[in-house]
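I have placed the structure first, in the form of structure tokens, so that the comments after it can refer back to it.
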Amino acid sequence: VQLIESGGGLVQAGGSLRLTCAASGLTFSRNNMAWFRQIPGKEREFVAFVNYLGTVPIYSDSVKGRFTLTKNLPENTLYLQMNNLKPEDTAVYYCAASQFMGRRPENYNYWGQGTQVTVSS
């Protein structure tokens, strides 16, 4: 299984980025998908997850209304559109997959290598 994230970068506060997670080696339509983020010295934090069909996205309170999670089944790709970014969104963002679902990192079997998002004030 491979989950490859891309799309991170440096952006000013108020700006936007779109993260991409390309999945291979798993049955994408049978896995729930999620994004987590982590800054050095802190635990990995839940951002959003979506069910295996991509029909029910759930967001953390800190990103609700600003981030949009989309699961493209034909492309085997997960997207995270991030708008109105804030400095506190700065972190390494990780894509994760599992046949289970939830807000805890322990719920997920597969992880990508992460992509850095930096938001300047």
Report the distance from atom OG of Ser16 to atom CG of Asn84, rounding to the nearest 0.5 Å. 8.0 Å
Lys/Arg N to Asp/Glu carboxylate O, Asp89 vs Lys86, below 4.0 Å: no
Any side-chain heavy atom of Thr20 sitting closer than 4.5 Å to one from Tyr79? yes
For Gln113, I'd like to know if atom CD has over 12 heavy atoms of other residues, nucleotides or ligands within 6.0 Å. yes
For the residue pair Arg37 and Ser62, establish whether any side-chain heavy-atom pair is separated by less than 4.5 Å. yes
Yes or no on ring-ring contact (aromatic ring centres under 6.0 Å, His included) for Tyr108 and Phe36, after CA distance, side-chain angles and deciding distance? CA-CA 11 Å; Tyr108 294 86; Phe36 287 79; 5.4 Å; yes
Take atom CZ in Phe46; do more than 12 heavy atoms of anything else shown fall under 6.0 Å from it? yes
Here the pair of heavy atoms bringing Ser121 nearest to Pro87 is CB-CG, 3.8 Å
Give, for atom CD of Glu5 and atom SG of Cys21, the distance between the pair rounded to the nearest 0.5 Å. 5.5 Å
With heavy-atom distances below 4.5 Å as the criterion, would you say the side chains of Gln116 and Thr90 are in contact? yes
Excluding Phe67, membership of its hydrophobic cluster (Ile, Leu, Val, Met, Phe, Trp, Tyr; side-chain heavy atoms within less than 4.5 Å) reads Val1, Leu3, Val11, Leu17, Leu19, Leu26, Phe28, Met33, Trp35, Val47, Val50, Tyr59, Val63, Leu69, Leu73, Leu78, Leu80, Met82, Leu85, Tyr93, Tyr110, Val117, Val119
Gap separating the CD atom of Glu75 from the OG1 atom of Thr70, nearest 0.5 angstrom: 10.5 Å
Please report, to 0.1 Å, the donor-acceptor pairs under 3.5 Å made by any side chain of residues 94-104, with sequence neighbours excluded.
residue	atom	partner	partner atom	Å
Ser98	OG	Phe100	N	2.9
Ser98	OG	Asn107	O	2.7
Ser98	OG	Asn109	OD1	3.0
Arg104	NE	Glu106	OE2	3.1
Arg104	NH2	Glu106	OE2	2.8

Apply salt bridge (Lys or Arg N to Asp or Glu O under 4.0 Å) to Arg18 and list each qualifying residue two or more places apart in sequence or on a separate chain. none
Is there a path of hydrophobic side-chain contacts, each under 4.5 Å between heavy atoms, that joins Val56 and Phe49? yes
Can you tell me how far apart CG (Asn51) and NZ (Lys71) are? Round to the nearest 0.5 Å. 7.0 Å
Under the side chain to side chain contact (heavy atoms under 4.5 Å, CB included) rule, what do Tyr52 and Asn32 come out as? Steps first, then yes or no, please. CA-CA 4 Å; Tyr52 63 102; Asn32 304 299; 3.7 Å; yes
